[in-house]
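Right, one structure below, let's go through it.
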Amino acid sequence: MEPLNWFEIITRVFIQFIPVWVALVVVFTLSMVYKRRLGLYGKLFDSTIGMIGFALVMFWVFTGIFGAMDLIITHDPLSQVSGMKNKAPGTPLAGAEEGYYPYYLFGGDNLARDVFSRMVKGAWVVVQIAPMATVFAFMVGITLGLPAGYYGGKLDTFLSFLANLILAFPVILLFYLLVTPEIVDTGIPNYMAMVLFIFPIIFVGVLLNSRYRTQPKVRTPMLIVVLGIMGWLYLSLISQPGTALKLLPDAVDLFNLQGGILVVFVSVVFVNSPTVFRIVRGLTMDIKTRDYVAAAQTRGERPWYIMLWEILPNARGPLIVDFCLRIGYTTILLGTLGFFGLGLPPESPDWGTTINDGRRLLQVYLHPAIVPAVALLSMVLGLNLLADGLREESLRD
Amino acid sequence: MTDDYDGPILEIESLSISFFTRLREIPAVMDFSVKVMPGEAVGLVGESGCGKSTVALGVMQDLGKNGRVVGGSIKFKGRDLNTMSQEELRQIRGSEIAMIYQEPMASLNPAMKIGRQLMEVPMIHRGSSEKEAYDRALQVVTDVKLPDPKRILDAYPHQLSGGQQQRIVIAMALMAEPSLLILDEPTTALDVTVEAAVVELVKELGKKYGTSMLFISHNLGLVLETCDRLCVMYSGEAVETGSIKDVFDEMQHPYTQALFRSIPLPGADKNARPLRAIPGNFPLPHERPPGCNFGPRCDYFEAGRCDATDIRMAEVPGNDRHRTRCLRFQEIDWQAPMEAGDTTLKSEPGRVVLKMDNLKKYYEVAANALFGKRGDTKVVKANETLSFEARESETLAIVGESGCGKSTFAKVLMGLETATDGQILLDNRNIESTPIEARDTQTIADVQMVFQNPFDTLNPSMTVGRQIIRALEVFGIGTNDAERRERMLQLLDLVKLPRAFADRMPRQLSGGQKQRVGIARAFAGNARIVVADEPVSALDVSVQAAVTDLLMEIQREQKTTLLFISHDLSIVRYLSDRVMVMYLGHVVELGTTDQVFAPPYHPYTEALLSAVPIADTRVTKKHIVLEGDIPSAMNPPSGCPFQTRCRWKSQVPGGLCEKDVPPVRQLGDGHQVKCHLSDEQLASMEPVIQIAAE
């Protein structure tokens with residue numbers, strides 16, 4: 001068979017992505033029709049920049065989801081096909097069997113795996129980890145930033161100093177330290193995970209308790225159920241067999257993360273939360289001077305109710321924008337981690353790792369590195385544009 | 001420059017301005033005409049959203065990217081501003097037309113010394129040398145009566161007080177000797193006594209330089225004091241224009257009449273002659289009714305006629321350039337007395353519920369922010385020996401300007417701060433040192449507060465109903481959600497809001513409606529003492545009357561004690577039973593409303609009374625302008641707190657005022673004054689406000 005020319009490659013890639021196109025068209029049509037009723041999300045569809053950003057982001061989200069369902073990929077991302085090593089894009093599969101896709105659309109990498117399928121699978125890794133890690137970073141930043149801004153004084157000085165200390169620490173060095181076997185053996189990453197991951201539980205617990213403080217009959221069962229479930233998830237998350245933290249017996253341990261992913265989570269949360277902390281602290285200091293906060297104080301509300309129900313909801317605008325931007329940073333950070341070979345396992349199809357794999361032969365074969373690089377670029381660009389659009393639209397009326 | 005031009009300085013002819021949003025075109029000003037002759041001061045009056053500031057921006061040709069002049073012409077000295085190029089406009093702005101804005105701090109560049117900012121004007125517009133510019137700046141700063149002009153020129157804006165800043169802004173506007181000065185609510189951000197001094201200055205300078213003025217304000221009293229002519233605007237249209245005398249005494253438009261009836265003029269009384277609020281709401285720009293915009297709220301509305309066609313301005317025969325936008329103005333009997341509203345019986349004050357005894361609140365402020373612990377600490381005396389009693393169903397007004405300690409007092413009473421000394425007795429229980437966390441639910445529910453700023457008083461991300469229900473939850477009212485919801489709906493009824501508002505978000509409500517929700521929330525736990533911190537000062541006049549009356553009505557029904565904090569003496573006189581005047585943390589005068597508003601006065605009360613603008617041509621006021629600004633509480637004057645600005649000081653022998661804080665003097669019937677003046681001197685005081693006999 002002849003290798004495909006560029007036009008044919010693009011057509012075939014386009015056809016492979018058909019489920020994504022369908023999903024995008026559905027989302028955009030529905031959103032455009034009901035945009036006046038959808039609040040800030042609806043307003044996004046008045047800004048061209050925001051729509052482009054949203055489309056780029058949703059493209060990769062859908063790619064990730066459908067890729068995980070094995071819809072878009074053409075080959076197994078881990079299987080090697082002999083004779084396909086470093087082959088150019090559009091190369092037909094040598095001796096393709098029945099039922100196999102006859103081409104490597106974006107060529108093969110140095111282990112003769114399909115670059116296209118790896119890119120699609122990599123999207124799923126990014127789409128899973130980046131938002132989750134950012135959510136954790138926000139939980140930590142919010143839970144510490146609110147009291148720092150609200151109480152001020154010594155607490156604020158102490159927490160801000162801590163945040164500055166972390167921000168001053170060289171990030172890359174921190175990552176290397178976290179994956180060094182000697183350090184892993186001491187259990188430091190696990191203990192850090194233990195501390196960082198407890199914040200969502202504190203956050204949700206305080207949130208519900210302050211809201212239902214006056215109705216103990218509703219509050220107590222609700223707190224028991226919610227905190228019970230979250231506590232179990234938390235313990236399952238931090239308890240790793242074979243490490244310093246083995247808290248749960250295997251029978252009740254719900255899941256075990258691959259060792260690397262936990263480190264990725266810890267480092268991303270650790271690096272991002274001081275910045276979130278500062279934003280939340282600043283917003284809190286501004287909002288706490290409003291009359292509705294004084295009104296809450298004069299009716300005897302407890303400080304945490306004021307922080308979580310009176311202040312936080314009104315700080316959401318800037319936080320949503322920052323959340324989008326921060327997913328972008330986290331994506332790049334994941335890429336950086338993967339590029340240094342830290343965290344995720346070496347055969348992982350995530351974009352950072354694939355770029356690193358392709359780097360060694362970059363002068364001879366461009367395509368194994370350039371494909372995930374472009375994917376990473378377009379997704380971060382989409383997130384930044386989305387954040388820009390949201391910021392612009394939230395300021396307009 | 002066309003200095004020999006002698007026609008009208010500004011001539012606006014059927015001007016229409018629209019703003020374009022993504023949904024629709026919003027007409028902000030329609031068919032607006034006004035003429036400003038040389039040396040004339042024209043007032044532009046209306047409620048917020050009526051388009052008065054848009055007119056000013058239209059004259060400056062600074063409407064932003066959404067706004068556009070869609071019709072009519074704006075002629076400045078005979079030249080149409082609409083057709084001028086940006087280059088020509090730049091020449092005119094700042095040199096021939098100058099504008100003074102509401103917020104003085106926002107009009108000055110904080111990173112530039114005052115002198116340089118002033119000198120820029122002649123250097124840019126006239127090409128003056130630095131020396132000439134400096135001399136001019138020095139002269140203008142002297143003209144606006146700032147002390148020590150050389151030092152002021154060398155200061156940065158943040159080193160000056162609000163009043164001084166506004167004087168600098170005026171000085172800057174006058175630097176180029178403009179022909180037209182546009183003042184957009186120039187004194188709204190200032191205290192009353194400072195406002196009086198600034199208004200005085202503007203009037204004087206207008207005469208001295210022969211400048212024409214366009215004075216934008218929502219305060220009819222202020223316009224009466226400053227302007228020759230006046231233009232009343234409603235919902236984007238001028239509804240009545242004419243000379244001050246014609247419009248005030250022979251009003252020819254129902255809106256003007258309704259406006260006057262809703263402001264508390266001397267003689268109004270909450271029981272015998274209550275105010276009349278204008279019914280209904282201000283129409284949104286895109287929901288204006290056909291025909292007369294005021295139609296749906298007008299007492300004289302005639303269906304089929306007032307809502308048939310657009311209404312043009314019509315000349316009122318017999319008066320000088322007096323025009324009105326009303327079809328029926330010749331049929332209406334303008335002299336007919338106002339229908340008496342529901343008169344109510346004066347409620348008798350009951351037993352004492354709240355007693356303050358020698359309450360003191362001091363703050364310690366570190367002199368050095370970084371190493372405060374070791375450095376000297378300064379003591380700010382926010383409240384000094386506050387003593388008074390408040391009875392059931394009584395309204396006690398607390399009057400004073402910013403920094404007088406009224407907010408600190410409210411904080412201590414609410415329990416957000418604890419007192420330094422003295423006691424607060426609520427039903428004979430001491431609460432002065434119990435912070436709010438330690439108070440029991442009943443005490444908290446008993447003492448509640450209504451806040452000043454309606455746009456800030458409600459949490460923007462919670463529905464109205466939810467916020468009231470939360471207060472009910474905290475106060476432990478109702479056993480389940482259904483009961484609380486029912487009670488919340490009753491509270492909405494109480495403040496006369498439709499029940500459908502329960503599911504609305506605060507941003508869907510107008511200022512007055514938000515303030516009503518704030519009141520409902522304060523009364524959620526059947527509060528017995530309500531501290532109202534300037535609850536109506538941020539609202540439009542027509543809404544003020546409605547909210548005030550609502551407060552009075554709830555008070556009558558619930559026998560609430562109302563502590564009404566305000567600087568507006570008109571409204572205080574209208575609604576309060578007793579008045580307490582505060583200055584720099586001291587109570588300088590306390591007595592019944594009649595006692596405080598009649599001589600003998602405390603010198604500060606006298607000045608305060610004279611400073612409040614009253615929108616009534618029959619009233620003659622004695623003219624007392626206080627020099628200088630309110631001293632800082634960080635660094636109060638020695639002796640009597642008011643001695644630095646007091647005009648009676650010279651009559652007290654031996655410099656007593658500078659040495660000793662005056663004792664509290666009882667003048668009989670519970671009237672007390674903190675002053676060194678002798679009884680004869682106090683008795684010799686004349687009334688400040690006199691109503692001419694009709």
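Order of the sequence lines sets the chain letters (A, B, ...), proteins ahead of strands, with each chain counted from 1.
Interface remark: F455(B) contributes no atoms to any contact with chain A (heavy atom separation under 4.5 Å). For a residue to count as touching a neighbouring chain, one of its non-hydrogen atoms must lie under 4.5 Å from one of that chain's; by this rule R521(B) touches chain A with the side chain only. Only the side chain of Q448(B) comes within contact range of chain A, with at least one heavy atom under 4.5 Å from a heavy atom of that chain. Only the side chain of R466(B) comes within contact range of chain A, with at least one heavy atom under 4.5 Å from a heavy atom of that chain. Within the 4.5 angstrom heavy-atom criterion, only side-chain atoms of L416(B), from C-beta onward, approach chain A. Contact annotation for D440(B): neither backbone nor side-chain heavy atoms come within less than 4.5 Å of a heavy atom of chain A. Contacts between A294(A) and chain B at a heavy-atom distance below 4.5 Å involve backbone atoms as well as side-chain atoms.
For the residue pair R470(B) / N459(B), no side-chain donor-acceptor distance below 3.5 Å is found, with atom types taken as modelled. Between the side chains of S18(B) and E25(B), at least one donor-acceptor pair of N or O atoms lies under 3.5 Å. Using modelled atom types, one finds a donor on one side chain and an acceptor on the other under 3.5 Å when comparing Y41(A) with S31(A). A donor and an acceptor atom, one from each side chain of D446(B) and T443(B), are nowhere located under 3.5 Å apart. Side-chain contact, R290(A) with T457(B): no donor N or O sits under 3.5 Å from an acceptor N or O.
Using a 4.0 Å cut-off between a side-chain N of Lys or Arg and a carboxylate O of Asp or Glu, R528(B) and D427(B) qualify as a salt bridge. A salt bridge links E534(B) with K406(B): the distance from a Lys NZ or Arg NE/NH1/NH2 to an Asp or Glu carboxylate oxygen falls below 4.0 Å. In summary, K43(A) and D46(A) do not engage in a salt bridge, as defined by a charged side-chain N under 4.0 Å from a carboxylate O. In summary, R302(A) and E437(B) do not engage in a salt bridge, as defined by a charged side-chain N under 4.0 Å from a carboxylate O. For the pair E432(B) and K411(B), the salt-bridge criterion is not met [side-chain N within less than 4.0 Å of a carboxylate O].
Of all residues in residues 132-149 of chain A, none places a non-hydrogen atom less than 4.5 angstrom from a non-hydrogen atom of chain B. Proximity to chain B at a heavy-atom threshold of 4.5 Å picks out P313(A), N314(A), R316(A) from residues 313-324 of chain A, in numerical order.
With chain A as partner, the option from T441(B), I444(B), T479(B) having the largest number of non-hydrogen pairs under 4.5 angstrom is I444(B).
Cation-pi geometry between R68(B) and F20(B) is satisfied (NZ or CZ under 6.0 Å from the ring centre, within 45° of the ring normal).
Remark: side-chain polar atoms of E392(A) are not paired, donor with acceptor, to backbone N or O of D388(A) under 3.5 angstrom.
When ring centroids are compared, F62(A) and W21(A) stay outside the 6.0 Å threshold.
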